[in-house]
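This report refers to the structure that appears directly beneath it.
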Number of protein chains: 2
Amino acid sequence: MTSTTGDQPRGTGRGKRVTIADIARRAGVTSAAVSLAVNGRPGVSDATRERILGIARELQWEPSHAARALAGAPVKTVGMVLARPAEVLGAEAFFGAFVAGLQEVLSAADYSLQMKIVDSTEAEIDTYRRWFGQRRVDGVVLVDLQTDDPRIPALEQLAQPALVVGGPGHHGSLPSVYVDDAEATRLIVEHLASLGHSRIARVAGTAEFLHTMQRNRTFTQLGEELGLDFVQQDAGYGASGAARATAEVLRMPEPPTAIVFDSDEMALAGAYVLRERQVPIPGGVAVVSYEDSPLTRGHHPPITAIRRSAVEYGRAAAQRMLEVIDTAAGRPAAPGAIGTPAQAESRVIEPQLAVRASTDPALLGVAHTDLAVGLDAS
Amino acid sequence: MTSTTGDQPRGTGRGKRVTIADIARRAGVTSAAVSLAVNGRPGVSDATRERILGIARELQWEPSHAARALAGAPVKTVGMVLARPAEVLGAEAFFGAFVAGLQEVLSAADYSLQMKIVDSTEAEIDTYRRWFGQRRVDGVVLVDLQTDDPRIPALEQLAQPALVVGGPGHHGSLPSVYVDDAEATRLIVEHLASLGHSRIARVAGTAEFLHTMQRNRTFTQLGEELGLDFVQQDAGYGASGAARATAEVLRMPEPPTAIVFDSDEMALAGAYVLRERQVPIPGGVAVVSYEDSPLTRGHHPPITAIRRSAVEYGRAAAQRMLEVIDTAAGRPAAPGAIGTPAQAESRVIEPQLAVRASTDPALLGVAHTDLAVGLDAS
DNA sequence: CTGAAAGCGCTTACAG
DNA sequence: CTGAAAGCGCTTACAG
């Protein structure tokens, strides 16, 4: 008996890979016929197709991704470049959740997401150029949109499938997906109004972000519309600015009964100041955050916040990206898509408001569900 | 004059792509020479190499990734499969930070990370098989390691580069990277002992996780070693279990003066129970968490926690993955690597302890830095 | 509906 | 040190 196990033909893995030529030989057809059969294209009879597929399965054939790509097939990859340090990305709850949502939809469509961290906008644009040049991606997702973003004209010029996350109004001729901040503002204001608040302050983040301007505009507009007394206080960015702005607001001759913060971090800083000044929440001042997170949920009392679900946002972006790629390839939009949107059309994510004890006194004492269960049982 | 702009040759992009054949023609050499030149391999004189590289740059040549892969070059891609729903991943701070760290190192080495979300362990193993079968990845990173993990033997059988994140002792013959939980436990216990605590409780998570067992073992061992009074309370998983266990511990005839929790969520639930029972932190009971997060940092008082830096963890995993791939390809380990570790060797991440007011009364009133600054200035 | 061929853009031996 | 050729595994026209 000669050794029949262990002696692998050569190199890594077990033996030579199975190709369509092997299948063709076994099936008594040409490799072109195999290609048509496995790609579900017309040109072979149903009988031979079945036979070919059977053999392919039997031989455990896997298509060579490289060969397909070289022959001109889509590479089934979406790219995303991040021009922020890993430490910053890692500290943000949004990033992980957004990526998870993207992945879910892309994975299901057998697409993969390719990411790259770079250290400048120039490097980012260069990466787009190279990715498309190398045919490594079928399309790219652009994030962290800014005012007058140089990446927009660069991508427009490349004339390749690209989706902008953010907006509105600053994505040029590119398709985009963004959260409706006007609607978010409306949800907050109407919620507070329904609880009887008529003096409301908004502690706003830096105007560098597009959404800040959008919120400012809607906030002012709703104040006039509803005839309420609205105060806007610019806080710059971060917790320190928010703390300062909150103190400022409390010094007013007739302080507001509710304060709306632009982020979870800002809301927490504001709540800290209120606690210091012995102002009860929500009895003295109600608190709302535009951004939900473990911080707002874990606070005592839990803070009412806009829940835009970063996971859902990622899913929507992936869905739209796939449509853009399909349309560019001249293929009909994927099934499940409602109609076939024009390439440059935007899609809007509708925000929701998670009402918690920081605005609604009836919810005081109710911690987040999991905790509540534990305490009941103890 | 005929139109020389606007009339793009055909298809998407501008014109036919530049290939090494074009460069060869211009340089008066064969395409093989170009290949050697651009890959920095011997076989061409320095003069011709320079000339070739100059022309390549001038023509803005980009290598075809697909062609390279088809011809046998590495695909420069690392794969990671996640068998958890996007919602769960998105809710975890660890995921985003780990991915950011991975990305940083892989991007710098011109590798990309390919992820896929699946819904079962079988699908995960199948994905590995297919990825390697299609030559879509050069190696894979395995996460969420469990006891008797079926993915380990499956990957061992595939005999392809794979790195296990987690351990020790459960990664079979595969190389791994993990955080040193024994050291983490030692840091916590020694910190508490130095503050004079001699009755310490540990509220432990589910024993399904390898690290739980490791912590249990070290905790018990240190108790004997230092002659302290140690109590272990199993809490199962999550906040409710932790709340129950904390209540249990407080009912003891001689309650501990410090409680160590297995996660940030558990620590928060425990702190909530202490607050309910009017037990001051850290005056009545000191609190420590094995997991740092915005929850522990944002709590009042901020909670002392093990900081293992998920970003750093990701970086270490990527670094090790690249070494494993290089070694498998017969290449020397990347520069910067200390020595050339054997394939199956593990690497250990050293944890740190972030000391905060939940254990050290001297730090009471000190919120996290950013906040503190804001308050000083207001 | 099926066959034979060319081509995608590289890399890798193998001669000179 | 350089040239000519084969081959990686597919897809896509183009004839029969």
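In what follows, chains are A, B, ... by sequence order, proteins preceding strands, each numbered from 1.
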Listing for DNA chain C: consecutive Watson-Crick or G-U pair runs of at least 3, distance cutoff 3.5 Å, ranges ordered by first number, gives C:1-3 with D:14-16, C:5-12 with D:5-12, C:14-16 with D:1-3
To the nearest angstrom, the NE2-P distance between B/His65 and C/dT11 comes to 11 Å
To the nearest angstrom, the CD1-C1' distance between B/Ile23 and C/dG9 comes to 11 Å
When rounded to whole Å, the CD to C1' distance for the pair B/Glu62 and C/dG9 reads 14 Å
Quiz item: For A/Glu58, does the CD atom have more than 12 heavy-atom neighbours from other residues, nucleotides or ligands under 6.0 Å away?
Solution: yes
When rounded to whole Å, the CD1 to P distance for the pair B/Ile52 and C/dC10 reads 13 Å
- Task: Determine the contact category for B/Pro63: base if any of its heavy atoms lies under 4.0 Å from a base atom, sugar-phosphate if only primed atoms, P, OP1 or OP2 are that close, otherwise nothing.
- Result: sugar-phosphate
Residues, nucleotides or ligands: over 12 heavy atoms within 6.0 Å of B/Arg130 CZ:
no
Whole-Å distance, A/Ile20 CD1 to D/dT11 C1', equals 8 Å
Here the distance between atom C1' of D/dT12 and atom CG of A/Asn39, to the nearest Å, is 11 Å
With the side chain defined as heavy atoms from C-beta on, B/Arg68 is closest, among C/dC1, C/dT11, C/dC8, to C/dT11
Please write out each protein N/O paired with an N/O of nucleotides 13-16 of chain C under 3.5 Å, distance rounded to 0.1 Å.
none

note: B/Lys76, atom NZ; C/dT11, atom C1'; distance rounded to Å ~ 15 Å
Above 12 or not: heavy atoms from other molecules or residues under 6.0 Å from CD of B/Gln60? no
Rounded to whole Å, the CH2-C1' distance (A/Trp61 to D/dG9) equals 9 Å
